[in-house]
Amino acid sequence: MLQKKRTGIFFPRFEGQRLKDFPQALADILDKDNVSYYDGVYAANNPYYVKPATEEMLSKVHSRDMIERVKRTGYYEAASYSAGGTIQAALEISQGKIDNAFVFTGFGDHHAGRNHFGGWCYFNGAAVAIAMLKEEGVRRFAIVDTDSHHADGTRDIFRQDKEMLHVCFCFQNYNDENGNVDVAIPYGISDESYVRKMEQEFASRAISFRPEFIFWELGYDATQGEYGDKGISKDCHAKLAKIIKSAADKVCQGRLITILCGGSSRQLATYIIPRVIKQLAQ
Ligand SMILES: [Zn+2]
Ligand SMILES: [Zn+2]
């Protein structure tokens with residue numbers, strides 16, 4: 001029997017409506033022995049305090065000019081905390097303190113490139129975390145992206161990187177020799193077809209690619225009723241979690257970081273996120 005995963009939940013500071021039910025909605029998860037909870041409340045002497053990304057960290061990926069432009073939006077601090085959660089999750093896993101993680105974010109990653117941002121993404125937390133893991137000698141990574149929209153920022157950063165497998169579920173089919181893959185998700189797709197695409201287009205590729213870490217950009221905006229509605233149900237995401245986690249078990253000792261990406265409904269967040277975390281923490 002496999003041991004339960006040690007799961008870290010990273011809940012830095014936020015504004016906005018969609019996460020208003022958290023962390024209360026995690027009540028029956030947070031009391032489990034294999035779950036650690038990191039937040040942005042008490043900084044002093046607290047190993048579970050989520051630190052914001054520093055400018056030095058951000059500049060491993062983003063241009064100085066872009067960082068300055070983000071400062072002028074008024075969202076710099078919140079965006080640094082969102083990226084900080086992912087960075088800390090990556091470091092905790094790399095130090096063997098936890099096996100996998102769920103990172104709550106106020107702003108997503110995947111529309112933030114080296115020198116541009118947009119679509120409520122300011123910094124690419126996954127890319128910054130990967131830059132830091134590379135400094136520790138980790139070489140191969142996979143990112144799977146189930147947000148409804150194309151991950152133009154992530155693609156911009158890793159387009160030439162042969163040691164990155166980037167599988168993006170979006171509007172087009174694309175595939176090149178550098179490990180850049182897009183999988184078209186048609187409108188009105190069933191959960192079963194989406195799950196099958198995850199197995200065929202991500203899990204099987206990841207198993208032969210052999211990444212040392214897997215990052216999952218979990219947008220729920222493709223759910224019925226959301227702004228990127230593709231027709232999948234609110235139960236689809238936990239099924240995807242199971243497949244991605246099982247791929248991580250096969251190739252990288254379960255090292256998986258799930259990062260909240262697009263999606264706006266508070267009700268859907270409160271339904272989907274605890275179910276995904278329960279899969280991770282099994
Ligand atoms: Zn989106
Ligand atoms: Zn794409």
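The residues of the chain are indexed from 1 along the displayed sequence. Whatever order the structure lists ligands and atoms in, that order sets their numbers, starting from 1.
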query = Are any of the side-chain heavy atoms of K60 and M132 separated by less than 4.5 Å?
reply = yes
key: Shortest-distance N, O or S atom of D147 relative to the Zn ion (ligand 1)   = OD1
ask   = For the Zn ion (ligand 1), what is the closest N, O or S atom on D221?
value = OD2
query = Sub-3.5 Å donor-acceptor pair from the side chain of Q88 to the main-chain atoms of Y49, do we have one?
reply = yes
request  = Using atom types as modelled and distance alone, determine if a side-chain donor or acceptor of D147 lies under 3.5 Å from a backbone N or O of G262.
outcome  = yes
Polar side chain donor-acceptor pair, Y271 to D235, under 3.5 angstrom = yes
task = Tell me how many protein N, O or S atoms are closer than 2.8 Å to the Zn ion (ligand 2).
result = 4
request  = Run through the side-chain heavy atoms of Ile, Leu, Val, Met, Phe, Trp and Tyr, join any pair under 4.5 Å, and report what else lands in Y42's cluster.
outcome  = V41
For W216, the option from D145, T258, V103 that meets side chain to side chain contact (heavy atoms under 4.5 Å, CB included) = T258
request  = Give a yes or no on whether a salt bridge exists between R159 and D176, defined as a side-chain N under 4.0 angstrom from a carboxylate O.
outcome  = no
